[in-house]
K.L.:
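Have a look at the structure that comes next, please.
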Amino acid sequence: MAYWLLKTEPDTFSIDTLKQQKVSCWEGVRNYQARNMMRDGMKVGDLAFIYHSSCKDVGVVGIAEVVKAAYPDHFQFDPESPYFDPKSSPENPRWIMVDVAYRQHLPYLSLARIKANPALEEMPLVKKGSRLSIMPVTEMQWSEILAMSEARKR
């Protein structure tokens with residue numbers, strides 16, 4: 001099993017939306033490096049932190065599970081979609097998505113707290129210039145963030 005961090009803007013799609021839908025496609029990724037991680041790295045059963053970005057309370061808010069491996073993102077073919085890509089075709093799709101299922105909310109863990117933890121200094125999320133919407137998380141980083149989150153409950 002691998003671990004991931006999936007960034008989302010809560011005004012667009014939040015952990016609460018995922019909980020309500022139970023399962024959702026993770027569409028709209030339009031970065032080749034992030035696409036390649038979804039295509040080549042994400043497998044059914046992998047777990048991901050849901051991370052709210054571009055908002056007042058930026059941070060980890062929950063956990064999702066990958067329940068369907070990479071497949072073509074159908075929004076790339078829809079001219080009415082903000083994710084439309086005129087250079088993509090069903091015969092040669094450029095963009096993919098995975099399906100994720102809601103697993104649980106976590107106590108909000110801010111980016112500032114994550115950055116303040118020396119054990120997480122190598123995490124792509126805290127590195128300067130790292131703006132990908134999908135990032136790998138090591139098993140140690142996963143455990144550390146869960147421990148920090150559990151400590152917030154007490």
Side-chain angles (χ1 to χ4, degrees), residues 1-106 108-111 114-115 120-146 149:
M1 177 188 337
Y3 300 101
W4 304 93
L5 183 138
L6 302 174
K7 285 185 179 179
T8 183
E9 296 176 10
D11 289 347
T12 304
F13 189 88
S14 71
I15 187 70
D16 295 327
T17 307
L18 181 58
K19 182 179 183 180
Q20 181 181 27
Q21 293 182 1
K22 296 181 180 47
V23 174
S24 178
C25 58
W26 202 262
E27 84 279 356
V29 174
R30 296 299 183 264
N31 172 284
Y32 288 107
Q33 189 176 359
R35 176 207 63 189
N36 293 349
M37 282 188 258
M38 282 193 339
R39 182 190 65 204
D40 303 333
M42 283 188 167
K43 307 287 185 246
V44 171
D46 287 357
L47 296 176
F49 287 124
I50 301 299
Y51 179 91
H52 284 173
S53 66
S54 300
C55 62
K56 180 178 163 246
D57 297 320
V58 173
V60 172
V61 294
I63 297 175
E65 179 180 348
V66 177
V67 294
K68 184 174 180 181
Y71 61 100
D73 181 337
H74 57 269
F75 293 101
Q76 68 192 309
F77 311 124
D78 179 0
E80 302 299 314
S81 170
Y83 301 121
F84 176 64
D85 183 347
K87 295 181 181 176
S88 190
S89 69
E91 300 76 37
N92 189 23
R94 288 177 134 181
W95 307 110
I96 53 103
M97 58 186 169
V98 297
D99 287 357
V100 297
Y102 172 83
R103 286 297 165 253
Q104 70 183 81
H105 273 70
L106 292 174
Y108 165 71
L109 186 61
S110 71
L111 176 59
I114 293 168
K115 283 183 172 183
L120 299 174
E121 67 187 8
E122 294 302 315
M123 193 171 184
L125 179 67
V126 303
K127 298 230 179 221
K128 283 199 184 286
S130 186
R131 300 183 51 86
L132 291 177
S133 60
I134 296 171
M135 298 178 187
V137 175
T138 67
E139 187 172 355
M140 183 282 297
Q141 293 162 348
W142 183 268
S143 296
E144 188 69 20
I145 288 175
L146 285 180
S149 182

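Nothing here was measured: the structure is a model prediction, and the numbers come from that model. Every heavy atom of this structure was used, including side-chain atoms; hydrogens, water molecules and symmetry mates were not.
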K.L.:
Judged by atom type as modelled, is there a donor-acceptor pair below 3.5 Å linking the side chain of R30 to the main-chain atoms of Y83?
P.N.:
yes
K.L.:
Has K7 got more than 12 heavy atoms of other residues, nucleotides or ligands less than 6.0 Å from its NZ?
P.N.:
yes
K.L.:
Assess the residue pair M42 and I134 against the criterion (side-chain contact (heavy atoms from CB on, under 4.5 Å)); give the C-alpha distance rounded to whole Å, side-chain angles, the decisive distance to 0.1 Å, and a yes or no.
P.N.:
CA-CA 10 Å; M42 283 188 167; I134 296 171; 3.9 Å; yes
K.L.:
Determine whether more than 12 heavy atoms belonging to other residues, nucleotides or ligands lie under 6.0 Å from atom CZ of R94.
P.N.:
yes
K.L.:
M97 vs Y71, test: side-chain contact (heavy atoms from CB on, under 4.5 Å). Steps then yes/no.
P.N.:
CA-CA 6 Å; M97 58 186 169; Y71 61 100; 3.4 Å; yes
K.L.:
First locate atom CD1 of I96, then atom CG of D40, and finally report the distance between them rounded to the nearest 0.5 Å.
P.N.:
8.5 Å
K.L.:
On a heavy-atom basis, which atom in F75 and which in C25 lie closest, and how many Å separate them?
P.N.:
CE1-SG, 4.3 Å
K.L.:
Would you say that M37 contacts W4 through its side chain, given a criterion of any heavy-atom pair below 4.5 Å between the two side chains?
P.N.:
yes
K.L.:
Nearest 0.5 Å please: distance from the CD1 atom of I15 over to the OH atom of Y102.
P.N.:
6.0 Å
K.L.:
Can you tell me if Y108 and H105 form a side-chain donor-acceptor pair at under 3.5 Å?
P.N.:
no
K.L.:
Would you say that M123 contacts L5 through its side chain, given a criterion of any heavy-atom pair below 4.5 Å between the two side chains?
P.N.:
yes
K.L.:
Hey, can you tell me if W142 and F49 have their rings parallel, tilted or perpendicular (30° and 60° cut-offs)?
P.N.:
parallel
K.L.:
Please determine whether the number of non-hydrogen atoms from other residues, nucleotides or ligands lying under 6.0 Å from atom CD of Q33 exceeds 12.
P.N.:
no
K.L.:
Where do E121 and V126 come nearest, in terms of heavy atoms and distance?
P.N.:
O-CG2, 3.6 Å
K.L.:
Report the distance from atom CG of L47 to atom CE of M1, rounding to the nearest 0.5 Å.
P.N.:
4.5 Å
K.L.:
Side chains of L106 and I50: does their closest heavy-atom pair fall under 4.5 Å?
P.N.:
no
K.L.:
Counting distance only, does the side-chain N/O of D73 pair as donor-acceptor with the main-chain N or O of E27 below 3.5 Å?
P.N.:
no
K.L.:
To the nearest 0.5 angstrom, please state how far the OH atom of Y51 sits from the CG atom of L109.
P.N.:
9.5 Å
K.L.:
Donor-acceptor check, side chain of S54 to backbone of E9, threshold 3.5 angstrom: yes or no?
P.N.:
no
K.L.:
Does E139 offer a backbone N or O that forms a donor-acceptor pair with the side chain of S143 under 3.5 Å?
P.N.:
yes
K.L.:
Supply the atom-to-atom distance N31 CG to L132 CG, rounded to the nearest 0.5 angstrom.
P.N.:
5.0 Å
K.L.:
If you apply the rule side-chain contact (heavy atoms from CB on, under 4.5 Å), what do you find for W26 with V66, and how did you get there?
P.N.:
CA-CA 10 Å; W26 202 262; V66 177; over 6 Å; no
K.L.:
Starting from the C-alpha separation in whole Å, work towards a yes-or-no answer on side-chain contact (heavy atoms from CB on, under 4.5 Å) for L146 and I63.
P.N.:
CA-CA 10 Å; L146 285 180; I63 297 175; 3.8 Å; yes
K.L.:
Rounded at 0.5 Å granularity, tell me how far NZ in K19 sits from OG in S14.
P.N.:
11.0 Å
K.L.:
Give me the atom names and distance for the closest heavy-atom approach of A101 to V23.
P.N.:
CB-CG2, 3.9 Å
K.L.:
Kindly give the heavy-atom pair with the smallest separation between P93 and S88, and that separation in Å.
P.N.:
CA-OG, 3.4 Å
K.L.:
Do W95 and V29 have side chains that approach each other closer than 4.5 Å (heavy atoms only, starting at C-beta)?
P.N.:
no
K.L.:
What's the shortest heavy-atom distance between E65 and G45, and which atoms?
P.N.:
OE2-CA, 3.6 Å
